[in-house]
Amino acid sequence: MAQVTEADVYGALSQIIDPDLHKNIVRLGFIKDLKIEGGDVSFRIVLTTPACPVKEQMEGQARELVSALPGVASVKVTMDAEVPQGRGFGEKLAVQGIRNIIAVSSGKGGVGKSTVAVNMAVSLARDGARVGLMDADVYGPNVPQMLGVGNMRPDVNVNKLVPLEAHGVRLMSMAVLKPGDEPMILRGPILHGLVKQFLSDVEWGELDYLIVDMPPGTGDVQLSLAQLVPVQGAVLVTTPQEVAVSDVRRALRMFETVNVPVLGVVENMSYFVAPDTGIRYNIFGEGGGRKLAERYGVPFLGEIPMGMEVREGGDRGVPVVVSNPESPQSVAFRRVAEEVARQVSIEALKPELVVLGKAR
Ligand SMILES: Nc1ncnc2c1ncn2[C@@H]1O[C@H](COP(=O)(O)OP(=O)(O)O)[C@@H](O)[C@H]1O
Ligand SMILES: [Mg+2]
């Protein structure tokens, strides 16, 4: 019987094209630890994120193609991921160990920015990524409560704050440093310092993604945060309503001026399906997020329906993606998280020229 060679296996696998990076997975260097013992072939496929939406499909394809080679008796495929380091950290404060910082932003408050940030962070962690969540919404820091650790205080290790940990996510927030309900009245420079501290004085460890829940709006403070935090990309949250949409438009422009790539738009509270009748109500209008994304040429990352469980999960400190992972809302959150991870990979592996030349 014919003996299968490494070249045969690479040849077969090079037929698989990564749908986002438009190159074959051999050329992209995704195949690692190829071993051939007689007719037994094993290798790892190392993707750019554990939250890859086409993971299973690629695994199946690889198995099929290699199994079809003459001389192959068995195929062992291990799926793995290594999130690449994002670019654009050069001129900004570098944070050791953090590969990608993703800002979650919105034109105004109350559109579900924190809810999206929390469920996205937990989804990515459940997919196997190392995830941190920084609550930079100094006006209404409620992320610890949403993750059920509102009453905990962080430990200090030598000179660094140790992040809290909840549902697999490392977390730091103004709220855990400053107990009580008094509103924070902070001016730009002080805020600047605070955010800097959250990056440099917190022991984040190794992170694939640090999600930052930004303050709402597009004032000077948001602008300086976007400049200070070495953001790999921004996710904009909106509701379908026209007013919210026009606020997001302003946010899009803001990120453009500070050269932060906009990863896309998430539409939250898109519609409500009555559990008793199954009738769909477009409470805040329809299709605003998608239209906005199309108009500005940024990806549409998905829509999240309304659901009582979403709010209850936030109030109880157990995000809906944990309490009811099969609900339509959870499925939507998970899809958004995968889409964001995908856009981050695309940004990270884009040819350098595109970024330097400010082609966007
Ligand atoms: N898809 C949704 N379905 C139901 N309630 C939601 C949804 N998204 C957010 N909420 C609720 O709306 C309120 C505002 O959300 P929040 O995430 O705090 O907004 P923001 O951070 O933009 O101010 C919260 O009570 C939250 O639980
Ligand atoms: Mg919030």
Side-chain angles (χ1 to χ4, degrees), residues 102-123 133-150 166-167 169 171-176 181 183-184 191 195 198 211-219 221-222 225 234-241 243-248 250-251 265-275 280-286 288-289 301-337:
I102 302 168
V104 180
S105 200
S106 68
K108 62 168 195 170
V111 298
K113 180 172 51 64
S114 302
T115 305
V116 169
V118 162
N119 282 286
M120 189 165 87
V122 174
S123 284
L133 184 52
M134 173 168 137
D135 184 3
D137 187 349
V138 286
Y139 307 113
N142 56 354
V143 171
Q145 190 210 332
M146 287 180 158
L147 282 171
V149 290
H167 304 292
V169 169
L171 163 75
M172 192 46 73
S173 166
M174 278 307 299
V176 301
D181 288 331
M184 297 273 293
L191 264 176
V195 172
F198 270 14
I211 315 271
V212 183
D213 187 10
M214 299 276 280
T218 49
V221 172
Q222 287 77 359
L225 288 190
V235 171
L236 294 170
V237 181
T238 182
T239 64
Q241 244 169 330
V243 269
V245 162
S246 61
D247 291 330
V248 171
R250 213 168 304 131
V265 173
V266 177
E267 188 185 278
N268 186 30
M269 309 198 198
S270 291
Y271 53 89
F272 176 71
V273 176
R280 168 175 167 149
Y281 298 93
N282 296 318
I283 294 178
F284 293 119
E286 202 181 356
L301 302 169
E303 50 185 27
I304 318 281
M306 295 185 87
M308 293 240 284
E309 280 178 81
V310 176
R311 188 195 47 76
E312 285 164 1
D315 293 347
R316 272 195 307 128
V318 185
V320 69
V321 292
V322 176
S323 64
N324 189 354
E326 298 317 317
S327 71
Q329 288 78 10
S330 298
V331 173
F333 277 127
R334 210 153 49 230
R335 209 172 290 146
V336 164

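First listed ligand is number 1; within each ligand, the first listed atom is number 1. Values below: every heavy atom of this structure, side chains too, minus hydrogens, waters and symmetry copies.
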If we only count heavy atoms from C-beta on, is the Ser106 to Thr238 side-chain gap below 4.5 Å?
no
At what distance is the nearest protein heavy atom to atom 3 (N) of ligand 1, and which residue and atom is it?
Gly307 N, 3.0 Å
Give the residue and atom name of whichever protein heavy atom lies nearest to atom 23 (O) of ligand 1, and the separation in Å to one decimal.
Gly110 N, 2.8 Å
Quick one: are Glu303 and Pro240 in side-chain contact, heavy atoms under 4.5 Å?
no
Quick one: look up the protein heavy atom nearest atom 8 (N) of ligand 1 and list residue, atom name and how far away it is.
Asn268 ND2, 2.9 Å
Nearest non-hydrogen protein atom to atom 19 (O) of ligand 1, with distance, is Gly112 N, 3.1 Å
Should Tyr281 and Met306 count as side-chain neighbours, where that means a heavy-atom distance under 4.5 Å?
no
Close side-chain approach of Val235 and Ile211, heavy atoms under 4.5 Å
no
of all protein heavy atoms, closest to atom 12 (O) of ligand 1 is Met269 CE, 3.7 Å
So is there a nitrogen or oxygen of Ser106 less than 3.5 Å from a nitrogen or oxygen in ligand 1?
no
Is the closest heavy-atom distance from Val116 to ligand 1 below 4.0 Å?
no
Going by the order shown, which atoms of ligand 1 are within less than 4.0 Å of some heavy atom of Asn142?
18 (O)
Return the residue, atom name and 0.1 Å-rounded distance of the protein heavy atom closest to atom 17 (O) of ligand 1.
Thr115 OG1, 2.5 Å
Heavy-atom proximity to atom 22 (O) of ligand 1, picking from Met146, Lys113, Met214, points to Lys113
Look at the side chain of Ser123 and the backbone N and O of Asn119, then say whether any donor-acceptor pair between them is shorter than 3.5 Å.
yes
At a non-hydrogen distance cut-off of under 4.0 Å, which region of Pro305 contacts ligand 1 (side chain, backbone, both, or neither)?
backbone
Are any non-hydrogen side-chain atoms of Val320 and Ser327 less than 4.5 angstrom apart?
yes
Any N, O or S atom of Ser114 closer than 2.8 Å to the Mg ion (ligand 2)
yes
Considering Lys108, Arg311, Met306 one by one, which has a heavy atom nearer to atom 27 (O) of ligand 1 than any of the others?
Arg311
Counting heavy atoms only, which part of Asp213 comes closer than 4.0 Å to ligand 1: side chain, backbone, both or neither?
neither
Has the side chain of Lys113 got a donor or acceptor atom that lies under 3.5 Å from a matching backbone atom of Met214?
yes
Could you find the nearest protein heavy atom to atom 6 (C) of ligand 1 and give me its residue, atom name and distance?
Val310 CG1, 3.9 Å
Using the rule side-chain contact (heavy atoms from CB on, under 4.5 Å), only one of Thr115, Val104, Val321 pairs with Met120; which is it?
Val104
Quick one: which of Asn142, Asp137, Asp213, Asp135 gives a side chain to side chain donor-acceptor pair (under 3.5 Å) with Ser173?
Asp135
Determine whether a donor-acceptor pair (N or O, by modelled atom type, separation under 3.5 Å) exists between the side chain of Thr239 and the backbone of Val111.
no
